[in-house]
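Reminder, nothing fancy here: chain letters follow the sequence lines and each chain counts from 1. Because the structure is predicted, anything quoted here is derived from the model rather than measured. Just so it is clear, the values below take in all heavy atoms, side chains as well, and ignore hydrogens, waters and symmetry mates.
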Amino acid sequence: MLDIQLLRTDLNYAVEKLNSRNYSFPVDRFNQLETERKKIQIHTQELQAKRNTVSKQIGSAKSKGEDTTAILAEVANLGDELKQSISQLEQIQSELHKMLLEAPNLPHDSVPKGKDESDNLEIRCWGAIPSFGFEIKDHVSIGEGLKLLDFEAAAKLSGSRFSMMKGSLARLHRALAQFMLDMHTQEHGYTETYTPYLVNHDSLYGTGQLPKFEEDLFAIKTEGDAADDAHTTGLYLIPTAEVSLTNIVRDEIVALHSLPLKFVAHTPCFRSEAGSYGRDTRGLIRQHQFDKVELVHIVHPKASYAALDELVGHAETILQKLELPYRVITLCTGDMGFSAAKTYDIEVWLPAQNTYREISSCSNCESFQARRMQARFRNESGKTTLLHTLNGSGLAVGRTLVAILENYQNADGSVTIPEILRPYMNGLDQLSAAGGQ
RNA sequence: GGAGAGAUGGCCGAGUGGUCGAAGGCGCUCCCCUGCUAAGGGAGUAUGGGGUUUAUAGCCUCAUCGAGGGUUCGAAUCCCUCUCUCUCCGCCA
């Protein structure tokens, strides 16, 4: 959520920033509402102040046993007038609030200006793109060829965009998550976290999935979930552990000395991907359910950009240890996600697609989520201040598995297991049809 | 699922209609005193918003006692709904 103070004092600046990410803020309506708001809020508060003083007079008069009918007559109409004023004010406030909830974050000054993904900026590349002396297969052919990947079974159980892994492939999937967790907890200083996979409305508002992106979520309709009391009964499957981890500090005032907080969790993620029909229909790339190891930093505002670099580095380390080629790009203003002020995407090389594909997205949300969540800390002078929140994948487990299958494939259809994962595989060094179980 | 109890400031805890944003204690901050330590004395110590302002200073003001609604001139206190916590029973991994 944007800072309404900023919009009041420097609206043009904010609007220009928002334009750069293809969002047009309803300036005229905002100004109109603000004028109204100011007028009505002052009026409301005057009425309240009057009511308060008169009520106190009545109180003291009664305690002295004096007659109060005259004073009571004086405030006879006050109640109705106040009620009306409050309801007007609430209407305006709620429209303003909605306007704020729907506006995306302002891009950081260092973010390249651009319209869409074609304007993203590659900032570094790591690893050599492999060449194969045989005709390569994509991960689906590899997995199905080894009888370790079964989309038909998943479709029978659940429908399209689900997958079933078996045997050594399922184990490799587990090994990947374990490896990532171990790296982040033992080498990178994160606190391992087990979180709920079902979260409430407030949490999703906090990180910015609601109110705008409800269609991307899977909602759980609990018993008695009437539309009007959705706030108390509606739960959603998390689309990312960013929601669970970041909301840890919702409505909290954390102590300065406990910063930074760094959390990591391995969770499934659920996305309805409503807008993506026809994209990546084949394979594991775009699923309704996938696993991800998520990294979240809760930091002092002064430290957030250093934390972003650190976070990206942590995700890169995983790919380096796995010896998978990748590149890091800075998303341009037009391609960034709703809550982000700056985002680096890490893209891994997928030989069968002959291109890099996103495997991690690391964002600094600055105070955007913190403001929605009222997540604060007590600063050096004791004043409560909004925190900065960051999140990034470290990494998407399913897509990492895809990258391994494709980059480590052999001519005979088997797949070599990256060195670093072998301890997690009971020493197994390749996936093959024979060793499938 | 059944029965009961509860939710107040950083923590504990008082407060069942009137000057209560809230006694008291603990903790914390500052000051004084004490040659260290211990003890003692004094002051301060919630959050969010609005107005004014060059100001995140000051001043004025509003709201908030789990959440939302209601009664009332006035609600922490009375009524309704919900959420959460605890105890007992049942069920269950």
Side-chain angles (χ1 to χ4, degrees), chain A residues 1-10 30 33-97 99-101 194 196-206 220 222-236 247 249-258 300-302 367 370-387:
Chain A
M1 190 157 68
L2 300 179
D3 183 2
I4 195 164
Q5 302 294 356
L6 175 69
L7 297 179
R8 283 175 188 150
T9 55
D10 203 350
F30 176 79
L33 285 169
E34 263 296 289
T35 310
E36 286 279 294
R37 190 219 96 236
K38 194 163 165 177
K39 196 178 83 190
I40 292 170
Q41 183 159 9
I42 289 171
H43 181 58
T44 304
Q45 292 190 355
E46 279 170 357
L47 292 174
Q48 285 171 322
K50 185 174 180 196
R51 182 198 61 190
N52 290 345
T53 53
V54 171
S55 291
K56 283 185 180 177
Q57 282 171 21
I58 294 172
S60 71
K62 282 210 169 176
S63 70
K64 292 177 203 152
E66 293 167 5
D67 181 46
T68 56
T69 49
I71 309 179
L72 282 172
E74 194 185 323
V75 287
N77 304 326
L78 196 73
D80 287 341
E81 203 184 335
L82 181 58
K83 219 172 254 184
Q84 197 194 339
S85 190
I86 287 174
S87 105
Q88 280 177 27
L89 182 62
E90 278 174 350
Q91 212 173 321
I92 290 165
Q93 299 276 40
S94 101
E95 193 178 335
L96 277 169
H97 189 60
M99 218 176 254
L100 287 181
L101 280 177
Y194 173 83
Y197 302 154
L198 292 169
V199 295
N200 58 27
H201 276 78
D202 288 344
S203 298
L204 290 157
Y205 270 91
I220 307 296
T222 51
E223 195 181 351
D225 185 8
D228 58 318
D229 66 358
H231 252 288
T232 55
T233 58
L235 291 172
Y236 294 82
N247 275 282
V249 291
R250 175 155 56 83
D251 293 322
E252 299 289 337
I253 300 174
V254 303
L256 180 63
H257 65 78
S258 62
H300 192 292
K302 281 189 287 198
S367 61
R371 188 171 293 106
R372 291 172 160 245
M373 293 190 298
Q374 281 301 299
R376 295 157 297 170
F377 71 106
R378 222 169 270 287
N379 72 11
E380 294 78 353
S381 49
K383 189 174 150 52
T384 54
T385 311
L386 292 172
L387 290 157

Could you tell me how far rG13(B) sits from rU8(B) if I compare only their P atoms? Round to whole Å. 9 Å
My understanding is that a pair needs two contacts under 3.5 Å, Watson-Crick or G-U wobble. By that rule, which nucleotide pairs with rA7(B)? rU83(B)
Flag if over 12 foreign heavy atoms under 6.0 Å of CD, E66(A): yes
Ignoring hydrogens and angles, does a donor from either the side chain of K62(A) or the base of rG18(B) sit under 3.5 Å from an acceptor on the other? yes
Would a distance-only check, ignoring hydrogens and angles, find a side-chain to backbone donor-acceptor pair under 3.5 Å from N247(A) to S203(A)? yes
P-based separation of rG9(B) from rU72(B) [nearest Å]: 30 Å
Heavy atoms only, 4.0 Å cut-off, all strands: where does R371(A) land among base, sugar-phosphate and nothing? nothing
Identify whether any heavy atom of V75(A) sits under 4.0 Å from a base atom; if not, whether one sits that close to sugar-phosphate; answer base, sugar-phosphate or nothing. sugar-phosphate
Span that lies between the C1' atom of rG6(B) and that of rU19(B), in whole angstrom: 30 Å
Does Q5(A) reach a base, just sugar-phosphate, or nothing at all? Heavy atoms under 4.0 Å. sugar-phosphate
In whole Å, measure the gap between the C1' atoms of rC73(B) and rG10(B) for me. 36 Å
Could you tell me whether a side-chain N or O of T44(A) sits under 3.5 Å from a main-chain N or O of I40(A), the two making a donor and an acceptor? yes
Pairing partner of rA43(B), by Watson-Crick or G-U wobble and under 3.5 Å for both distances, is rU29(B)
rU29(B) and rA38(B), which share atom name P, separated by this distance in whole Å: 13 Å
Watson-Crick or G-U wobble partner of rG21(B), both distances under 3.5 Å: none
Ion pair check, E34(A) and R8(A), cut-off under 4.0 Å: yes
Nucleotide opposite rA57(B) in a Watson-Crick or G-U pair, distances under 3.5 Å: none
Strictly below 4.0 Å: does K38(A) bring a side-chain N or O up to OP1 or OP2 of rU52(B)? yes
Using atom P of each nucleotide, how far apart are rU71(B) and rC88(B) to the nearest Å? 41 Å
Return the nucleotide paired to rU71(B): Watson-Crick means purine N1 to pyrimidine N3 with N6-O4 or O6-N4, wobble means G-U with N1-O2 and O6-N3, both under 3.5 Å. none
With rounding to the closest Å, how many angstrom separate the P atoms on rC12(B) and rC91(B)? 35 Å
Complementary nucleotide for rU77(B) - Watson-Crick or wobble, under 3.5 Å: none
Scan T385(A) against the nucleic acid and name what it touches under 4.0 Å (heavy atoms): base, sugar-phosphate only, or nothing. nothing
Looking only at atom P, what distance separates rA75(B) and rA67(B), rounded to whole Å? 16 Å
Exam field: side chain R372(A) to backbone S367(A), donor-acceptor pair closer than 3.5 Å: no
